Amino acid sequence: MSTLILNGSPKGNSKNCNSRIFSEEFTRNMKNPCEIRCIAKADAKELAQYAQSFDTLIMIMPLYIHAMPGIVMRFIEAMEPAASQGKSIGFIIQAGFIETAQERFVEAYFAELAKQLNYSYLGTVSKGEAAGVYMYPKMFKKLFRLLNDLGEAFEETNAFDQDIVKKLGKPYELSKSTLRILHMVHLVGLDKLGWHRELKKNHALDKRLDRPFL
């Protein structure tokens, strides 16, 4: 069966695109790697029409505060229901949140979307705490191995291996002890170090408290 992977990040194929990295790791161990297309680099209607020629679609994208990127929404709006049975669609989302419970809202939408498009729903793979993947790839070797295994299993079965999906989805919720630690980290300001470094890099640290839309 033919499969098309759609990179739904606005960053496209840039070096700091985590969805690109997820796509590459998902296909790394495949005997016949799937084709990967960037939604950001394509005309939505043309890409939606091209996607109709594939049996399976897998969208890989970031999640921004419970919301998918606008370019993904534009692409979805350009899609038409499958004319016949037998097509399937799945999603892989990565987010900065630690707990994957944050993704449950968009997962419900994707399940309903599959019905409306007359596609079989493969499910949604969620990975939290993924914001630093492109910055510190050596720290995410375990994640990459899981994505390698997920893609390898998908090539054989045309389905997401549920054991791997569960491993990627942990933790679903934060424990009380973790919440206490995060609260302490916030109180001493350690949670702002990375953000402030980015602000300094872009010469915007002194403007971090600005309120331009007030």
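Computed from a predicted model, the values in this text were never measured in an experiment.
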Examine Phe144 and Met135 and state if one hydrophobic cluster contains both, with Ile, Leu, Val, Met, Phe, Trp and Tyr joined whenever side-chain heavy atoms are less than 4.5 Å apart.
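Result: yes, single cluster for both.
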If hydrophobic clusters are built by linking Ile, Leu, Val, Met, Phe, Trp and Tyr wherever their side-chain heavy atoms come under 4.5 Å apart, do Met30 and Ile92 end up in the same one?
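Yes, because Met30 and Ile92 connect within a single hydrophobic cluster, where side-chain heavy atoms sit under 4.5 Å apart.
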What are the two closest non-hydrogen atoms of [X] and [Y], and how far apart are they?
{"X": "Lys87", "Y": "Phe54", "result": "NZ-O, 2.9 Å"}
{"X": "Ser23", "Y": "Ile5", "result": "OG-CG2, 4.0 Å"}
{"X": "Val72", "Y": "Gly8", "result": "CG2-O, 3.3 Å"}
{"X": "Ala44", "Y": "Phe75", "result": "O-CD1, 3.9 Å"}
{"X": "Ala111", "Y": "Tyr121", "result": "CB-CE2, 3.6 Å"}
{"X": "Ile89", "Y": "Ala114", "result": "CG2-CB, 3.8 Å"}

Donor-acceptor pair, side chain of [X] and main chain of [Y], under 3.5 angstrom:
{"X": "Ser2", "Y": "Asp55", "answer": "yes"}
{"X": "Asp161", "Y": "Leu150", "answer": "no"}
{"X": "Arg20", "Y": "Lys15", "answer": "yes"}
{"X": "Thr100", "Y": "Glu103", "answer": "no"}
{"X": "Glu173", "Y": "Ala101", "answer": "no"}
{"X": "Asn7", "Y": "Cys38", "answer": "no"}

Can you confirm whether more than 12 heavy atoms, excluding those of [X], are under 6.0 Å from its [atom1] atom?
{"X": "Gln52", "atom1": "CD", "value": "yes"}
{"X": "Met139", "atom1": "CE", "value": "no"}
{"X": "Lys11", "atom1": "NZ", "value": "yes"}

Any side-chain donor paired with an acceptor under 3.5 Å for Gln102 and Glu99?
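Distance-only check passes for Gln102 and Glu99.
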Pairing donors with acceptors under 3.5 angstrom, does anything connect the side chains of Ser126 and Glu107?
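Ser126 vs Glu107: donor-acceptor pair found between side chains.
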Can you tell whether the side chains of Glu198 and Lys201 come within less than 4.0 Å, N to carboxylate O?
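Yes, Glu198 and Lys201 are salt-bridged.
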Ser120: side-chain hydrogen bond (donor to acceptor under 3.5 Å, both in side chains) partners, not counting sequence neighbours:
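Once residues adjacent in sequence are excluded, Ser120 has no partner under the side-chain hydrogen bond (donor to acceptor under 3.5 Å, both in side chains) criterion.
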Taking side-chain hydrogen bond (donor to acceptor under 3.5 Å, both in side chains) as the test, write out the residues that go with Arg37, two or more places apart.
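Glu35.
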Roughly how far, to the nearest 0.5 Å, is the [atom2] atom of [Y] from the [atom1] atom of [X]?
{"X": "Ile39", "Y": "Met59", "atom1": "CD1", "atom2": "CE", "value": "5.5 Å"}
{"X": "Met1", "Y": "Thr56", "atom1": "CE", "atom2": "OG1", "value": "4.5 Å"}
{"X": "Glu77", "Y": "Lys45", "atom1": "CD", "atom2": "NZ", "value": "11.0 Å"}

Evaluation steps, side chain to side chain contact (heavy atoms under 4.5 Å, CB included), between Phe140 and Ile21
CA-CA 11 Å; Phe140 290 89; Ile21 297 172; over 6 Å; no
Pairwise side-chain contact, [X] with [Y], heavy-atom cut-off 4.5 Å (strictly under):
{"X": "Tyr109", "Y": "Ile76", "value": "yes"}
{"X": "Thr3", "Y": "Asn158", "value": "yes"}
{"X": "Gln94", "Y": "Val133", "value": "no"}
{"X": "Arg180", "Y": "His183", "value": "no"}
{"X": "Phe91", "Y": "Val106", "value": "no"}
{"X": "Phe97", "Y": "Ile65", "value": "yes"}
{"X": "Leu168", "Y": "Phe160", "value": "no"}
{"X": "Phe22", "Y": "Ser9", "value": "no"}

How far apart are the C-alpha atoms of Lys127 and Leu147, what are their side-chain angles, what is the distance that settles it, and do they pass the side chain to side chain contact (heavy atoms under 4.5 Å, CB included) test?
CA-CA 10 Å; Lys127 178 66 184 84; Leu147 289 172; over 6 Å; no
With Leu146 as reference, evaluate Val125, Ile164, Val165 under the side chain to side chain contact (heavy atoms under 4.5 Å, CB included) test and give the passing residue.
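Of the listed options, the one satisfying the test is Ile164.
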N/O donor to acceptor pairs below 3.5 angstrom from side-chain atoms of residues 184-193, sequence neighbours left out:
{"unit_1": "His186", "atom_1": "ND1", "unit_2": "Asp191", "atom_2": "OD2", "d": "2.9"}

